[in-house]
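What follows is a single structure, written as structure tokens, with notes after it.
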Amino acid sequence: MAQIYAYIVHKGGVADDTAIELITAAKKIDPDASVSAIVTGSGADLEAVCKDVASTYNEVIKIDNAAITYPNAEIIRGILVNILPGDAVLLLPHDTFGMDLGPGLSIKLESAFVADVVDFEGLDGSNLKIVRQEFSGQVSTHMLCDIGSGAVVNIRPGAFTPDESKSASGEIVDKSSEAGDLAARRTFLETVVAEVGDVDITKSEVLVSIGRGIEDEDNIEIANDLAEALGADVSCSRPIVDSKWLEKSRQVGTSGQTVKPKVYLACGISGSFQHLGGIKGSPFMVAVNKNIKAPIFQVADVGIVEDILEFLPELTEKINDM
Amino acid sequence: MEILVCVKRVPDTAENEIEVNSDGTDIDRDDLVYSVNEWDNYAVEEAIQIRDNVGGNVTVVSVGDEESEEVIRREMAMGADQGVLLSDDAFNDSDGKGIASILKAEIEKGKYDLIMTGAQADDGAGQVGGMLAAMLDLPYASLVNTIDITDDKKIKVGREVEGGNIEMNEIELPCVLSIQTGINEPRYVGIRGIRKVASVEIPVHGTSDLGLASDAVGEAGANVKKVDYFVPDTGEGAEILEGSTEEIIDKLVEYLKAKGGVK
């Protein structure tokens, strides 16, 4: 088995949650594998992350350079090509950074690439059996990936149990001098922080959240009426914002807001992992969807197989009558 | 500006329930409604808007079977100037790298300033744009939700990152961008628009036209292969409330009261 590497995403001197999920994923590929963390960045933030990660990984490879204080995927790709052996298996989180880096890196490393992996089912020779999902989680697939000449594998955040044992006392190895050329044709300028809208859904206790099932902008009134009856706020999934029917600040998901209500009513929402990734704190979840196969029913506490356009007004009427 | 947009014909998830077929070799494709991949449609709209602002040409290209011609035609009805279909039996069962190799061969026949893909398609991998950029040795940005054409040497792009924040970057031309939904409002394509392009010829290029070795693409060239489709055993899942709508509402209201969902 080749060496497995885990790329650690971090921000503000703190390692991302995926840092302790990737090691679980690596051990699922091969329980006996030697797993090294790679941490890139600069200064005190980088030192803090390396120290933290060394409690999980036996080896932490540190790349310190001011040019990668902000993680520019193009520069980091060049560094990884320089420091990784040809047959390396590299795990990346399938987040906005891993999606930016992984596919192109696999080409430069002449390695296989698999995106958004949710599970592994064993290694047979150099063939790794992988579980993925397609069609926003409506169906799953097994894939066979030949990792014989290396692989870049993007792991879905939250799919593997975090290893919180802190059982390692890893060695930090500084490979900054091996980074190589740090020129790039893409330059980071700034991060424009999302605007706060009229309602802060991150503070809402009850959310009536709508998705594609609402079908038309005019039907949003149905959700507003129910929210008013319940004393709740209205949130939504990505397609509603893409259609410009609600503001971005109302969007729940990894590319929107992270909410932690007591009760979450998912109305006409299929339940993609990006959407579910924005719901924390295990709320009581009710799913209303006319498609019994919608993935949302796998994670909800209570499911109702109905058309929201008919069901929600009746529910609103009942609550108003109480 | 010469712009090329890569599009894919996919089952429309808004119109279909996707199910595994009886032997698990594929999804059940009987009676599926297909359309252009949603992300790609945003990319084409963006390309058309850029062309209308700064001049140039928009080419739409798709790897697929002969049925993919209909999505190319649809995007031409939207306003793309020309389309090319990349089709060959040898392309079947290509992995992401295989698809990117096919696209690369077509792109190298022309000269483009801007190459766009959707951020992802039906398999949710989001891999072709990044692979294509690396193969062409061009700079790349993924998940792009704003584009500002600065001049003919460089552009400013915003990437949608966690929390709805936008990461602004300057990127040199030519480059490859993968486009996120919501970047614009794709225009409606009416039946009249489709009719106007119904007889436009769409060239079809295969392995020999593209100078591709047949073992570099398709199943032969793939180091990632699909074994089967299945429905995962997800444990218990939700308690499905049953009965008349009135009974369901009564049960739901009890739950909501108990869990603090009614104020």
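Order of the sequence lines fixes the chain letters, A, B, ..., with proteins taken first and strands second; residue numbering starts at 1 for each chain.
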Margin query: Under a 4.0 Å threshold between the charged nitrogen and the carboxylate oxygen, would A:Arg212 count as salt-bridged to B:Glu38?
Written below: yes
Per salt bridge (Lys or Arg N to Asp or Glu O under 4.0 Å), A:Arg186 is matched among B:Glu167, B:Glu170, B:Glu172 by B:Glu167
Under 4.5 Å to a heavy atom of chain B? For A:Thr258 that would be neither
Given heavy-atom pairs under 4.5 angstrom as the criterion, report whether the side chain, backbone, both or neither of [X] touches chain A.
| X | result |
| --- | --- |
| B:Lys156 | side chain |
| B:Ala222 | neither |
| B:Ala133 | neither |
| B:Glu246 | neither |

CD1 (B:Ile240) and CD1 (A:Ile292) are apart, to the nearest 0.5 Å, by 4.0 Å
Does the side chain of [Y] come within less than 4.5 Å of [X]'s, by heavy atoms?
| X | Y | value |
| --- | --- | --- |
| A:Glu306 | B:Ile248 | yes |
| B:Leu252 | A:Leu315 | yes |
| A:Phe311 | B:Thr245 | yes |
| A:Glu74 | B:Tyr140 | no |
| B:Tyr229 | A:Glu134 | yes |

Tell me yes or no: between the side chains of A:Thr191 and B:Asn165, is some donor less than 3.5 Å from an acceptor? no
field: No-hydrogen, no-angle side-chain donor-acceptor test under 3.5 Å, A:Thr96 and B:Arg159
entry: no
